[in-house]
Undergrad: 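One structure is given below, represented as structure tokens, and several questions about it will come after.
Proteins get letters first, then strands, A, B, ... in listed order; numbering begins at 1 in each. Just the heavy atoms: all of them, side chains too, but no hydrogens, waters or symmetry mates, feed the values below.
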Amino acid sequence: MVSKIQSVKGTREFYPEQMALRNFIYDKVRAASRSFGYQEWDAPFIESIDLYAAKSGEELVKKQSFTFTDRSGDFVTLRPELTPSLARMIVAKQGELTFPVRWWSFGPFWRYEQPQKGRGREFFQWNIDMLGVSSPEADAELIAVGATFLRSVGLSPQLATIYVNNRRLMDSQFDALDIAVEKRMDVSNLVDRRSKMEPAKWDAYAFELGLNESQLVGLKDILANFDLWKKSDELVRLFAALESLGVKDYVKFDPNIMRGLLYYTGTVFEAFDTSGSLKRAILGGGRYDNLLADVGGQPLPAVGFAMGDMVIGIILQEKGLLPEFIPSPAPILMTIFDESLMQESFSLSAELRNAGLNVLCYPEPAKLQKQFKFADKMKARVVLTLGPDEAANAQVTVKNLVNGEQVTVTRESVFEVIQKILAGVIS
RNA sequence: GAGCCUGUAGCUCAACGGCAGAGCGCUACACUGUGGCUGUAGAUGUUGAGGGUUCGAAACCCUUCAGGCUCCCCA
């Protein structure tokens, strides 16, 4: 008895309908990236574990990466993130690249996590970065790319918001409370967890981390102050640029946005669906000015963000923002009337393909009813029939499945008639 | 890595420890040159897998796999 082999935990199978969703996201990602002039690139899918050991979090490297030894005994990792590969590739050609570099990528990543809604072990991720510019206006451009994407998939500012904060601003606020530099990580973590903990427990946790009463009160004041951005020149400039770029209605300052990652140095941001059930970020990123120097390059400022395909995919499905799924990429079905007319029908389909049309040919003679039903299932818009009557007069019958109208025309004019029908359907 | 919930037809779900069912979908026919809509008929299946308790298990117990909700983490 052969037992069924199921797919690996946390992976997804892409049947044509799911593939259409993935391609929809890819198309929108590509369009948003290209509209700002970003170049597409990619890195290897497998990398040495050492690449991540240098700068990624310990959690990521030790617990959440797919790592194995290859046949020669070397440790290799299925990439859990792209930024270290980006840093290496930039450093390798730092002397010959034209800056600012604007690059984007969309590809697969793997993390050994507990699968949940919106989170799997194999997923696709959009990464987009600008390197070589340290201005808040560069930060604004990346946020604008994200907002442009959200708008392009039908997520209005009412449905999705990009929350912005700034690490330097928060650090200065922490300094003002006499919170030691060594404690910043802990306090960031504390801020991150606030929404998940009961207030009393959160207070207790704060004291546990060594904050005193006045520091806790001060921290709460900071986190409740949504005008704090006015104290940051960077954020004032950022919001001015966002206004000019036409995306300010997507963006809100929020001092509670921290982001766990160690390497962020300035502006950080995260986009959320404001109305949905999913509490996960759609996209997130920020400025990381020290990373390239840390991995051995010349100092180079950088800003970027990443977006996984799972959360956005679920949101788009839940909100009904996906286009209708059309099973067949060919809008035209050529029927096969009977054995004797099969070759002629194949020839006609070939002629139409040569003329640039996508044509789905029924593969064998069958009842017309069956073939029309098939056309309907495939959501074809035009069905061609070449029966004895048509063959005798060098004609073809063309049926418009959208409005049910049918005409019999000469073979020479079929192409034109079909084009008119397809054009009419679109408009 | 930890806790809790769930798993029955292709899909969504019923079935008190006592004959495995419904809706949708699917197939055929009504209609021997025409889809959708309608009507009629038909097939749905190792109840996730393995073991145990019981006269009898989809149900109870154990193990395991998968999904979901938390913790963790979110690069």
Undergrad: Please give the nucleotide sitting opposite B:rG1 as a Watson-Crick or G-U wobble pair, both distances under 3.5 Å, or none.
TA: B:rC71
Undergrad: Starting at atom CG of A:N127, determine the distance to atom C1' of B:rC74, rounded to an integer number of angstrom.
TA: 14 Å
Undergrad: Using the C1' atom on both, measure B:rU63 against B:rG7 and round to a whole Å.
TA: 16 Å
Undergrad: From the list B:rG36, B:rG67, B:rC73, which nucleotide is the closest neighbour of the side chain of A:P115?
TA: B:rG67
Undergrad: Assuming nearest nucleotide by heavy-atom distance, tell me which of A:V8 and A:T397 is located more 5' along RNA chain B.
TA: A:T397
Undergrad: When you get a sec, tell me which of B:rC74, B:rU70, B:rG36 is the closest nucleotide to the side chain of A:D376?
TA: B:rG36
Undergrad: Under the 3.5 angstrom rule, does the side chain of A:N165 hit a backbone N or O of A:P255 as a donor-acceptor pair?
TA: yes
Undergrad: If you check every side-chain atom of A:E113, which of B:rC73, B:rG36, B:rG33 has the closest atom?
TA: B:rC73
Undergrad: May I have all residue pairs that pass ring pair (Phe, Tyr, Trp, His ring centres under 6.0 Å) and include part of residues 316-343 of chain A, sequence neighbours excluded?
TA: none
Undergrad: Would the A:F239 and A:W229 ring centres measure less than 6.0 Å apart?
TA: yes
Undergrad: Less than 6.0 Å separating the ring centroids of A:F305 and A:W126?
TA: yes
Undergrad: Strictly below 4.0 Å: does A:K9 bring a side-chain N or O up to OP1 or OP2 of B:rA66?
TA: yes
Undergrad: Using the C1' atoms only, state how far B:rC29 lies from B:rA66, rounded to an integer number of Å.
TA: 41 Å
Undergrad: Across all strands, who's sitting opposite B:rG23 as a Watson-Crick or G-U wobble pair, both distances under 3.5 Å?
TA: B:rC11
Undergrad: B:rC72, B:rG33, B:rG35: which one has an atom nearest the side-chain heavy atoms of A:R119?
TA: B:rC72
Undergrad: Taking only the side-chain heavy atoms of A:F337 (C-beta and beyond), determine which of B:rG33, B:rG35, B:rG67 contains the nearest atom.
TA: B:rG33
Undergrad: Only pairs under 3.5 Å count here: list side-chain donor-acceptor contacts from residues 362-374 of chain A, not counting sequence neighbours, and write none if there are none.
TA:
| residue | atom | partner | partner atom | Å |
| --- | --- | --- | --- | --- |
| A:Q371 | OE1 | A:I336 | N | 2.8 |
| A:Q371 | NE2 | A:I336 | O | 2.7 |
| A:Q371 | NE2 | A:A366 | O | 2.8 |

Undergrad: Starting from C1' on B:rC65, measure out to CZ on A:R121 and report it in whole angstrom.
TA: 12 Å
Undergrad: Measure from CD on A:E17 to C1' on B:rG25 and round the result to the nearest Å.
TA: 13 Å
Undergrad: Just by distance, with hydrogens left out, do A:Y288 and A:D129 show a side-chain donor and acceptor under 3.5 Å apart?
TA: yes
Undergrad: Any strand counts, and the cut-off is 3.5 Å on both contacts for Watson-Crick or G-U wobble. Which nucleotide pairs with B:rU47?
TA: none
Undergrad: What's the closest nucleotide to the side chain of A:K399 if the choices are B:rA66, B:rG33, B:rG35?
TA: B:rG35
Undergrad: Write down the partner of B:rG35 under the Watson-Crick or G-U wobble criteria, each distance required to be under 3.5 Å.
TA: none
Undergrad: Which one, B:rC72, B:rA2, B:rG35, comes nearest to the side chain of A:Q114?
TA: B:rA2
Undergrad: Tell me whether the NZ or CZ atom of A:R121 lies within the 45° cone about the ring axis of A:F66 and under 6.0 Å from its centre.
TA: no
Undergrad: Where along residues 365-375 of chain A does a heavy atom fall under 4.0 Å from RNA chain B?
TA: A:K367, A:L368, A:Q369, A:K370, A:F372, A:K373
Undergrad: If only side-chain N and O atoms count, and only distance matters, is there a donor-acceptor pair under 3.5 Å linking A:N127 with A:S105?
TA: no
Undergrad: Among B:rG33, B:rA2, B:rA66, which is the nearest nucleotide to the side chain of A:D389?
TA: B:rG33
Undergrad: With respect to the side chain of A:R193, which nucleotide from B:rC72, B:rG35, B:rG68 is positioned closest?
TA: B:rC72
